[in-house]
Amino acid sequence: MPGTDPIDLILAQWERERPDLDTAGFAVAGRVLVLAKLLERRVADALAPHDLSQWGFDVLATLRRQGAPYRLTPTELSRATMLTTGAMTNRLDRLESAGLVERSADPNDRRGVLVSLTAEGRERVDRALDARMAEANDAVSGVSDAARRALEKHLHALLVALDES
């Protein structure tokens, strides 16, 4: 592999200090953690011109992916974004205050609430979506298409395995 990364240094140090350690898992997991931090920074930079945080984008994009009328219950949103209901309530309060989502009574459940994108929310997420996908494509532009497909396959397998456990 050309070049070195921060994990190479850590692995070399552990090899010197504790050659008995099995660092194979760390060689992957450590890199994934470092990549996550770098990618989160890139995503934040891509979304900033659209006045959206990553969490705000995630909620709006989840609603947008549903298709018209772009709505879900707060519980469905929590599940789709892997958040607690308390965290989702806080996020919905903030997005509603910004005029990006609105809550309404669920006609099929007297106690239920539906969360929908507003026209402004849909416009904002659509603009941000272009920037988000461009950033993601740029992030992987340094590897070949074959390497990207292989990486996608391997990361998928790791994610499924960890999610099942």
Side-chain angles (χ1 to χ4, degrees), residues 5-7 10 25-143 148-149 151-165:
D5 65 42
I7 301 302
I10 294 169
F26 178 78
V28 173
R31 285 185 172 94
V32 170
L33 289 171
V34 171
L35 282 168
K37 289 178 187 175
L38 294 171
L39 291 170
E40 284 177 352
R41 203 171 313 139
R42 291 175 58 101
V43 171
D45 290 346
L47 295 176
H50 304 281
D51 197 26
L52 282 175
S53 61
Q54 187 168 346
W55 65 260
F57 175 81
D58 287 345
V59 172
L60 297 178
T62 299
L63 290 167
R64 180 66 175 91
R65 288 193 310 267
Q66 303 312 305
Y70 314 110
R71 70 176 169 221
L72 289 170
T73 67
T75 301
E76 290 168 331
L77 270 170
S78 294
R79 286 186 190 128
T81 57
M82 297 174 276
L83 290 171
T84 65
T85 54
M88 181 55 66
T89 297
N90 178 277
R91 291 174 183 196
L92 292 176
D93 288 345
R94 292 167 67 185
L95 291 169
E96 189 172 37
S97 293
L100 302 176
V101 301
E102 60 188 5
R103 293 177 174 122
S104 60
D106 185 340
N108 300 318
D109 180 355
R110 286 187 319 178
R111 296 176 295 160
V113 173
L114 293 172
V115 179
S116 305
L117 280 177
T118 63
E120 170 61 23
R122 182 175 174 200
E123 289 172 20
R124 179 98 54 98
V125 73
D126 279 348
R127 285 191 310 268
L129 186 58
D130 291 336
R132 174 68 182 95
M133 293 304 160
E135 179 284 319
N137 287 327
D138 184 62
V140 299
S141 66
V143 297
R148 183 199 46 78
R149 285 191 300 274
L151 181 60
E152 178 186 355
K153 177 182 169 187
H154 296 305
L155 289 173
H156 176 268
L158 180 59
L159 183 57
V160 168
L162 290 174
D163 196 40
E164 289 174 352
S165 66

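Counting only heavy atoms from C-beta outward, the side chains of F57 and V43 never approach each other to under 4.5 Å. E76 has its side chain out of reach of V115: every pair of non-hydrogen atoms, C-beta onward, lies at least 4.5 Å apart. With a 4.5 Å cut-off on side-chain heavy atoms, L72 and L63 count as touching. In this structure, the side chains of L100 and R124 come closer than 4.5 Å at one or more pairs of heavy atoms. In this structure, the side chains of V113 and T73 stay at 4.5 Å or more apart for every pair of heavy atoms. Between D58 and L83, every side-chain heavy-atom pair lies at or beyond the 4.5 Å cut-off. Proximity of T62 to R65: side-chain heavy atoms (C-beta onward) are separated by under 4.5 Å at one or more points. Put simply, the side chain of W55 reaches to within 4.5 Å of the side chain of L95, judged on heavy atoms.
Here the shortest heavy-atom pairing between S78 and T85 reads OG-CA, 3.6 Å. The minimum heavy-atom distance between L39 and A139, with the atom names listed, is CD2-CB, 3.8 Å. Between A46 and E135, the shortest heavy-atom distance links the atoms CB-CB, 3.8 Å. Of all the heavy atoms in S53 and G56, the pair that sits closest is OG-N, 3.1 Å.
Between E102 atom CD and E120 atom CD the span is 12.5 Å, to the nearest 0.5 Å. Annotation: the span from R127 atom CZ to L52 atom CG amounts to 9.0 Å, rounded to 0.5 Å.
Using a cut-off of 4.0 Å between Lys/Arg side-chain N and Asp/Glu carboxylate O, R42 and D138 are scored as salt-bridged. Between E152 and R149 there is no salt bridge, since no side-chain nitrogen of the basic residue lies less than 4.0 Å from a carboxylate oxygen of the acidic one. Under 4.0 Å is where a charged nitrogen must lie from a carboxylate oxygen, and between R103 and D93 at least one such pair does.
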Practice item. Check the pair V160, H156 against side-chain contact (heavy atoms from CB on, under 4.5 Å), reporting the backbone distance first and the verdict last. Key: CA-CA 6 Å; V160 168; H156 176 268; 3.7 Å; yes
Check your understanding: Are V34 and L38 close enough, and set up right, to give a side-chain contact (heavy atoms from CB on, under 4.5 Å), and what steps lead you there?
Key -> CA-CA 6 Å; V34 171; L38 294 171; 4.1 Å; yes
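Judged by distance alone, with hydrogens and angles left aside, the side-chain atoms of N137 form a donor-acceptor pair with the main-chain N or O of M133 at under 3.5 Å. Panel note: side chain R122, backbone T118; no donor-acceptor pair is recorded below 3.5 Å.
Applying the salt bridge (Lys or Arg N to Asp or Glu O under 4.0 Å) rule to R71 yields no partners; only residues at least two apart in sequence or on another chain are considered.
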